[in-house]
Amino acid sequence: MAHVVPSLDQPSNYKDSQSRVDRQRQADLLAKSNTLYVGNLSFYTTEEQIYELFTKCTSPEDGGGIKRIIMGLDRNTRTPCGFCFVEYYTHAEALASMRYVSGTKLDERIIRCDLDLGYKEGRQFGRGKSGGQVRDEHRQDYDPGRGGWGAQAQRLEIERRREMEERYADAEDGPGAVAVGGGEWKQAEAVPEENKLKRGRSPEDEGDNDAPMQTRTRMEDQDGERM
């Protein structure tokens, strides 16, 4: 039965793609490694959350514990991009965390852990073309915990919108432009408010203003005849 269920303390085939270490040397380093690579994290998971989870497998009374946590960052924005390195003081603690923490949920995501050859400066940055992880470049599903759509899908959507805007601009300005109207309405909107309340004088208005004067003159003439 031992061959049916794989041992939980065995590292996977994960290997730094830029490492120049051969397989034998890699096995020797992993046998002594006190560093874990943690993947499939949410972009919103904090260092405090990671510390709280991974400290459960430490033994401070024996001089152990977490030495440091290195958050994986987008190369361009310097924001978390879904992975980290957890460095312990002992190999036993790293092995225990890989055995008991890998495959559990953190921020509603199943995370995975592997022994790492050892953190080196520069490895905290994503290696994808967009600055994040390579796995998020060609991802076609929508993952709200990892920035929504994959980087390639986002670029295609931006290009599609730009083409639609350019096509719309050509339709308005080209030789066969479609009349959009609204010019007279915009000019009317630009008229000051006090001018909107005044109505221009017309010949009828002038006739109405003269009518009281003519009536008063006629009444004065009639009074003069009576006298």
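Scope of the values below: all heavy atoms of this structure, side chains included, with no hydrogens, waters or symmetry mates.
- The environment of R78 atom CZ is dense: over 12 non-hydrogen atoms of other residues, nucleotides or ligands sit within 6.0 angstrom.
- Scanning all heavy atoms of the two residues, the minimum distance from C113 to S102 falls at N-OG, 3.0 Å.
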Please assess L30 against L117 for the test side chain to side chain contact (heavy atoms under 4.5 Å, CB included), listing each intermediate value before the final yes or no. CA-CA 6 Å; L30 292 177; L117 299 178; 3.7 Å; yes

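- Using modelled atom types, one side-chain atom of E137 and one backbone atom of S130 make a donor-acceptor pair closer than 3.5 Å.
- Considering all non-hydrogen atoms of both residues, P144 and Y142 come closest at CD-O, 3.7 Å.
- When all heavy atoms of F83 and Q124 are compared, the closest pair comes out as CZ-O, 3.5 Å.
- To the nearest 0.5 angstrom, R68 atom CZ is 11.5 Å from E47 atom CD.
- The shortest distance between side-chain heavy atoms of L106 and L41 falls below 4.5 Å.
- In this structure, H91 NE2 and K32 NZ are separated by 10.5 Å, a value rounded to the nearest 0.5 Å.
- Atom-to-atom distance recorded for N76:CG and F125:CZ is 10.5 Å, nearest 0.5 angstrom.
- Residues L115 and T35 are not in side-chain contact: their nearest non-hydrogen atoms beyond the backbone lie 4.5 Å or more apart.
- Two residues are said to be in side-chain contact when any heavy atoms from C-beta on lie closer than 4.5 Å; K67 and N34 fail this criterion.
- Separation of atoms CD1 (I111) and OG (S42) is listed at 11.5 Å; rounding is to 0.5 Å.
- Between the OG1 atom in T104 and the CD1 atom in I110 there is a gap of 9.0 Å [rounded to 0.5 Å].
- The aromatic rings of Y37 and F85 lie perpendicular to each other, with more than 60° between the two planes, well past the 30° mark.
- Taking 4.5 Å as the limit, every side-chain heavy atom of D136 sits out of range of all side-chain heavy atoms of C81.
- Between the side chain of T58 and the backbone N or O of P60 there is no donor-acceptor pair closer than 3.5 Å.
- Hydrophobic clustering keeps Y100 apart from Y89 (ILVMFWY residues linked when any side-chain heavy atoms are closer than 4.5 Å, directly or through intermediates).
- The two residues S33 and A94 have their closest heavy-atom pair at O-CB, 4.1 Å.
- Counting only N and O atoms by type, the side chains of N40 and R109 include a donor and acceptor under 3.5 Å apart.
- By the criterion of side-chain heavy atoms lying less than 4.5 angstrom apart, applied directly or through intervening Ile, Leu, Val, Met, Phe, Trp or Tyr residues, F43 is not grouped with V38; the two fall into different hydrophobic clusters.
- Scanning all heavy atoms of the two residues, the minimum distance from L36 to Y88 falls at CD1-CE1, 4.0 Å.
- Heavy-atom contacts from other residues, nucleotides or ligands closer than 6.0 Å to CD of Q49 number more than 12.
- The minimum heavy-atom distance linking C84 with I50 is given by the pair SG-CD1, 3.8 Å.
- No more than 12 heavy atoms of other residues, nucleotides or ligands shown are found within 6.0 angstrom of CD on E108.
- Atom CD of E121 and atom CD1 of I70 lie 9.0 Å apart (nearest 0.5 Å).
- In this structure, R139 contributes its side chain and R146 its backbone to a donor-acceptor pair below 3.5 Å.
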